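Because the structure is predicted, anything quoted here is derived from the model rather than measured. Quick note on labels: first sequence line is chain A, next is B, and so on, each numbered from 1.
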Amino acid sequence: MSKKTKYTLLSLIIVFAVYGYEHFLKVEEQAEVVGDGKEVKNNTNEYFLPTSTTGQIVHHEGYSLSYSEPHEQAEWVAYELKKSDLSNSNFKRPYFEIDAAVKTGAANWRNYKNSGYDRGHLCPAADRKYSQAAHDETFLTSNITPQEHAFNSGIWNTLEQKVRYWANKYDGVFVVTGGVLSGNMKTIGDESVAVPNQFYKVLIDINSGKVKMIAFLMPHENVSKPLYEFVVSVDSIEKLTGIDFFSQLEDTLENKLEASSSYKEWSFK
DNA sequence: CTGTGAGAC
DNA sequence: GTCTCACAG
């Protein structure tokens, strides 16, 4: 074998070694990280993810979230509720699970045990009924916040049902929701999970003609008022939370829509 | 729909 | 921990 042939073979070996590393070992790495909450999944519209004030955004198959470690809950949960997501299937409620994708450690469900508060879903289980997996995923503790039962099963539940009504009527909506994590809050459990004094929900519809938004801010109590009494501007939620919503929109449009607290484009049937 | 809790294994 | 059943807003 000539010297030149040896060098050629050696070169080929190196090239294939590098190629093999890049294209096989790394592919294996990628396969392993699926499900670790780092990738935007099918049912999350990345385009409308809000900003994170905490630096810890986690993606699941059916929703994304920004986790606030000091409050042991998400500052927001965001997901697209497609018309086709709506389903009548009746899945059995699974057990709540600690979200392993939250690297700082998501809250243990035991914090809620005998606390007097519900484990309240941010992304409702009923919004993810298109599959058992998507439904069960909403029972991760990163999607849970302490809520009074009267509030959760009352006005908040009414609002969640209205969102599903709109998702059907307007061919899907994009939803961002969470508790307002500021001010003096009660805490529950060993990990001191904060009990928000207010909850918000922000919606955008881009599928039924003119782009429209609506935002709700509710005190953490089961007030018996019509839903539209809780409508506020998106700007006011941003001011309260420090979160920037829908920044992907063209500025002029964003500014106009977020300043408005009008709900005339939304049907409250 | 939204949930909690007790009791058996 | 898992599973079923009863119960409540």
Side-chain angles (χ1 to χ4, degrees), chain A residues 43 62-63 65 72-74 76-77 79-100 105-170 172-173 175-180 186-191 193-201 203 216-230 266-269:
Chain A
N43 295 292
Y63 60 92
L65 65 100
E72 287 293 4
Q73 65 195 281
W76 54 254
V77 167
Y79 59 99
E80 186 179 6
L81 181 57
K82 299 176 188 172
K83 184 171 183 174
S84 60
D85 290 343
L86 301 172
S87 161
N88 291 324
S89 48
N90 204 2
F91 298 119
K92 193 179 70 172
R93 288 172 70 94
Y95 287 93
F96 289 93
E97 275 185 41
I98 299 170
D99 185 353
N108 192 304
W109 55 268
R110 288 189 179 85
N111 290 291
Y112 292 77
K113 191 101 178 151
N114 298 317
S115 69
Y117 290 91
D118 277 10
R119 300 159 173 95
H121 284 73
L122 290 172
C123 175
D127 284 8
R128 305 283 83 160
K129 282 190 152 186
Y130 52 84
S131 78
Q132 176 90 59
H135 170 263
D136 289 2
E137 191 182 54
T138 67
F139 287 75
L140 294 172
T141 55
S142 53
N143 185 45
I144 299 300
T145 183
Q147 289 181 327
E148 288 182 9
H149 185 69
F151 174 77
N152 190 20
S153 63
I155 188 78
W156 190 249
N157 186 24
T158 304
L159 176 56
E160 289 175 336
Q161 290 180 38
K162 190 64 74 180
V163 171
R164 287 190 282 276
Y165 165 75
W166 284 326
N168 179 62
K169 186 180 182 67
Y170 302 133
V173 290
V175 187
V176 185
T177 191
V180 177
K186 280 189 276 190
T187 62
I188 58 169
D190 293 339
E191 293 178 302
V193 180
V195 182
N197 297 308
Q198 295 168 292
F199 289 93
Y200 69 88
K201 204 176 280 286
L203 310 177
F216 295 84
L217 181 66
M218 292 182 168
H220 189 178
E221 58 181 317
N222 189 29
V223 182
S224 57
K225 282 184 187 175
L227 281 180
Y228 53 77
E229 296 277 348
F230 301 97
W266 298 78
S267 166
F268 279 85
K269 187 190 81 157

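- A straight line from OH of A/Tyr117 to P of B/dG3 spans 16 Å, rounded to a whole angstrom.
- Under the 30°/60° scheme for interplanar angles, the aromatic rings of A/His135 and A/Phe91 are found to be tilted.
- Listed candidates were B/dC1, B/dT2, B/dG5. Nearest to the side chain of A/Lys129 is B/dC1.
- Counting only heavy atoms from C-beta on, A/Asn114 has its side chain closest to B/dG5 among B/dG5, B/dT4, B/dC1.
- Side-chain atoms of A/Tyr79 and A/Asp127 form a donor-acceptor pair, as typed in the model, at a separation below 3.5 Å.
- Distance A/Tyr112 OH to B/dT2 C1': 15 Å, rounded to the nearest Å.
- The CZ atom of A/Phe96 sits 16 Å away from the C1' atom of C/dT2 (whole-angstrom rounding).
- None of A/Phe230, A/Phe216, A/Phe151, A/Tyr200 except one satisfies the ring pair (Phe, Tyr, Trp, His ring centres under 6.0 Å) rule with A/Trp156; the exception is A/Phe151.
- Using a distance-only test at 3.5 Å, with no hydrogens or angles considered, no donor-acceptor pair links the side chain of A/Thr177 to the main chain of A/Leu122.
- Computed from coordinates, the A/Phe151 CZ to B/dC1 C1' distance equals 15 Å when rounded to whole Å.
- In this entry the distance linking CD of A/Glu160 with C1' of B/dG3 reads 12 Å, nearest Å.
- The distance from atom CD of A/Gln147 to atom P of B/dT4 is 11 Å, rounded to the nearest whole Å.
- No contact: A/Lys113 has no heavy atom under 4.0 Å from any strand.
- In this structure A/Arg119 satisfies the salt bridge (charged side-chain N to carboxylate O under 4.0 Å, His left out) test with no other residue, sequence neighbours excluded.
- A donor-acceptor pair is defined here as one N or O able to donate and one able to accept, closer than 3.5 Å; no such pair exists between the side chain of A/Asp99 and the backbone of A/Thr141.
- Side-chain polar atoms of A/Tyr170 and A/Ser267 form no donor-acceptor pair below 3.5 angstrom.
- The side chain of A/Gln161 approaches B/dC1 more closely than any other nucleotide in the set B/dT4, C/dG1, B/dC1.
- Residue A/Asn90 is classed as a sugar-phosphate contact, given heavy-atom separations below 4.0 Å to backbone atoms only.
- Counting to the nearest Å, the C1' atom of B/dG3 and the CZ atom of A/Arg93 are 6 Å from each other.
- Within the structure, every side-chain polar atom (N or O) of A/His121 is placed at least 4.0 Å from both OP1 and OP2 of B/dC1.
- For A/Phe91 and B/dC1, the CZ to P distance is 11 Å, given to the nearest whole Å.
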Going 5' to 3' through nucleotides 4-9 of chain C, assign each nucleotide B (protein heavy atom under 4.0 Å from a base atom), S (under 4.0 Å only from sugar-phosphate atoms) or - (no protein heavy atom that close). S---BB

